[in-house]
Amino acid sequence: MKFDAEKLRREFGASDQKRDAGLTTPDNIKRYDDIAYGEYGRYNLLDIYHKKDVTSPQKTIIDIHGGGWTYGDKDVYQHYCMDMAQRGFTVVNFSYRLSPEDPYPAALEDINAVFTWVAENAAAYNIDLDKICVTGDSAGAQLASQYLALLTNSAFRKLFPMQIPHEQIKVKAVALNCGCYDMKGRVEAQEDDPFLAYIDKALTENRELTLEQIDTVKYINADFPPAYIMSAEYDFLKEHVKPMYELLRAKGIVCEWKLYGKAEDTYMGHVFHLNQRLEEAKICNDDECRFFDEILGA
């Protein structure tokens, strides 16, 4: 069956609108909206949030949104990101180009443009380049793992034409939320229509190189940042959580993993942590920020 991007966008959009209905910007949050970081118009805009009383560089989260490589933007993630800012972080929330209109590696190129922009503009927005953390969920977790492998493995960088700011930005910790990571394995198993739609053009043009580029788990080394890895009882991707945790542990990387929810909690599904009305989301986001603070020594 051919992947229907518009159907996915309608379904995800309706769910997210229902989840966030009535939410507003907290009174104590300062926001910088619609900052251009690249050349692709509305797809290359970012927001930055921090508390109004912040006047100097502080620990920072760069969030990579999910949406099956097909859906989502910074507006969908603004309430989650502002909630993370309430925990004492400056938060960078951005949109990137989406598949199938802009297939692989467009999203990865845009993430690289964001990190490059952050490296060049940190001082103006109370961003501490020595205290950078990353969050990513679902497709955003896959993108985060791939990009962090690029930042930390010179052999992996050689597979890509992009100029990676690996000397300017050292990510200290990451939270990988409800994601999947062995993407070469998924392609070879012919799983995941959204991902196949995202990389189909690249596979057609150079299958060998593309399969090597998406084989993130092969290139994760001991320099990959400490990671908090989570999923939920009814997350359809939960089977991918513990294997990633075990891989990182085997590489000697500091990491934690947690499965949230109980068998009776049928509402504890994919990316539950984005729902500002869920107590479990508050607990999870507290846990991740606690992990960040422990790594940062904050």
Side-chain angles (χ1 to χ4, degrees), residues 58-66 77 80-81 83-85 87-94 96 107-108 110-112 114-116 118-119 127-153 156-157 164-166 168-183 214 216-231 235 237 240-260 271 273-274 284-298:
Q58 66 170 357
K59 56 190 180 181
T60 297
I61 292 171
I62 301 175
D63 180 66
I64 304 175
H65 76 72
Y77 278 68
Y80 162 71
C81 287
D83 185 63
M84 298 298 270
R87 292 168 167 82
F89 291 82
T90 297
V91 181
V92 180
N93 170 30
F94 65 96
Y96 55 81
L108 199 64
D110 289 351
I111 291 166
N112 188 57
V114 168
F115 276 71
T116 301
V118 168
I127 293 169
D128 187 343
L129 288 178
D130 291 325
K131 295 183 177 181
I132 298 290
C133 301
V134 170
T135 52
D137 66 272
S138 194
Q142 182 275 320
L143 289 165
S145 67
Q146 188 179 20
Y147 190 71
L148 293 177
L150 280 170
L151 282 178
T152 54
N153 188 322
F156 198 32
R157 287 196 295 275
I164 311 294
H166 61 281
Q168 291 77 32
I169 289 191
K170 309 292 185 184
V171 173
K172 297 299 176 62
V174 61
L176 299 173
N177 300 315
C178 301
C180 55
Y181 310 99
D182 181 10
M183 307 315 291
I214 66 172
T216 299
V217 296
K218 175 180 175 180
Y219 287 96
I220 288 175
N221 62 21
D223 293 325
F224 195 87
Y228 191 97
I229 307 168
M230 76 82 174
S231 184
D235 175 17
L237 293 177
H240 301 280
V241 177
K242 197 168 183 181
M244 185 60 161
Y245 167 76
E246 291 172 343
L247 170 68
L248 297 182
R249 291 277 292 178
K251 299 288 184 179
I253 298 161
V254 174
C255 54
E256 294 183 22
W257 79 277
K258 186 168 182 179
L259 188 69
Y260 289 86
V271 300
H273 67 299
L274 303 178
C284 173
N285 297 335
D286 283 344
D287 288 345
E288 293 190 348
C289 289
R290 180 265 310 158
F291 179 81
F292 289 165
D293 283 340
E294 288 176 357
I295 299 300
L296 295 172

Could you please spell out the steps behind the side-chain contact (heavy atoms from CB on, under 4.5 Å) verdict for D137 and Y77?
-> CA-CA 11 Å; D137 66 272; Y77 278 68; 2.8 Å; yes

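- With contacts defined as side-chain heavy-atom distances shorter than 4.5 Å, the pair Y181/P243 does not qualify.
- One finds the OH atom of Y147 at 8.5 Å from the CD1 atom of I62 (value rounded to the nearest 0.5 Å).
- Scanning both residues, D223 and T152, for their nearest heavy atoms gives O-CG2, 3.2 Å.
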Steps toward side chain to side chain donor-acceptor pair (under 3.5 Å) verdict (T90, Q58) = CA-CA 7 Å; T90 297; Q58 66 170 357; 3.1 Å; yes

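- Residues meeting the side-chain hydrogen bond (donor to acceptor under 3.5 Å, both in side chains) test with N153, sequence neighbours left out: none.
- Across every non-hydrogen atom of S145 and T216, the tightest pair is O-CG2, 3.5 Å.
- When all heavy atoms are compared, the tightest approach of N112 to P165 is OD1-CD, 3.2 Å.
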From CA spacing to verdict: side-chain contact (heavy atoms from CB on, under 4.5 Å), M244, I220 | CA-CA 10 Å; M244 185 60 161; I220 288 175; 3.4 Å; yes

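- For the atom pair SG of C255 and CZ of R249, the computed distance is 5.5 Å after rounding to the nearest 0.5 Å.
- Put simply, the side chain of I132 reaches to within 4.5 Å of the side chain of I127, judged on heavy atoms.
- The CG atom of D83 sits 6.0 Å away from atom CG of N285, with the distance rounded to the nearest 0.5 Å.
- Residues passing the salt bridge (charged side-chain N to carboxylate O under 4.0 Å, His left out) test with R157: none are found, sequence neighbours excluded.
- Under the 4.5 Å side-chain criterion, counting only non-hydrogen atoms from C-beta, L296 is in contact with C133.
- Contact record, L237 with S231: C-OG, 4.4 Å, taken as the closest heavy-atom pair.
- Legend: residues meeting ring-ring contact (aromatic ring centres under 6.0 Å, His included) with F292, ordered by chain and number and at least two apart, are absent.
- Here the closest heavy-atom approach between residue V91 and residue A85 is recorded as CG2-N, 3.6 Å.
- Here H273 pairs with Y80 under the ring-ring contact (aromatic ring centres under 6.0 Å, His included) rule; sequence neighbours left out.
- Checking side-chain atoms of Y96 against main-chain N and O of H65 turns up a donor-acceptor pair under 3.5 Å.
- Sorted by first and then second residue, the salt bridge (Lys or Arg N to Asp or Glu O under 4.0 Å) pairs involving residues 288-298 (not counting sequence neighbours) are K59-D293, E256-R290, R290-E294.
- Once rounded to the nearest 0.5 Å, the distance linking CD1 of I214 with CD of Q146 reads 8.0 Å.
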Decide yes or no on side-chain contact (heavy atoms from CB on, under 4.5 Å) for V241 and L259, but give the supporting numbers first.
-> CA-CA 8 Å; V241 177; L259 188 69; 5.6 Å; no

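- The side-chain heavy atoms of L151 and I164, taken from C-beta on, include a pair separated by under 4.5 Å.
- Between D182 and H240, the closest side-chain pair of non-hydrogen atoms is not below 4.5 Å.
- Residue L176 comes nearest to A141 through the heavy atom pair CD2-O, 3.7 Å, listed as atom of the first residue, atom of the second, then distance.
- Annotation: side chain of V134 is in contact with side chain of F115 (closest heavy-atom distance under 4.5 Å).
- Between I64 and F94, the closest side-chain pair of non-hydrogen atoms falls below 4.5 Å.
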Go through the steps for L248 and W257 under the test side-chain contact (heavy atoms from CB on, under 4.5 Å), then give the verdict.
-> CA-CA 11 Å; L248 297 182; W257 79 277; over 6 Å; no

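- By the side-chain hydrogen bond (donor to acceptor under 3.5 Å, both in side chains) test, Y219 pairs with E212, sequence neighbours left out.
- Considering only heavy atoms from C-beta on, F156 stays 4.5 Å or farther from N221 through its side chain.
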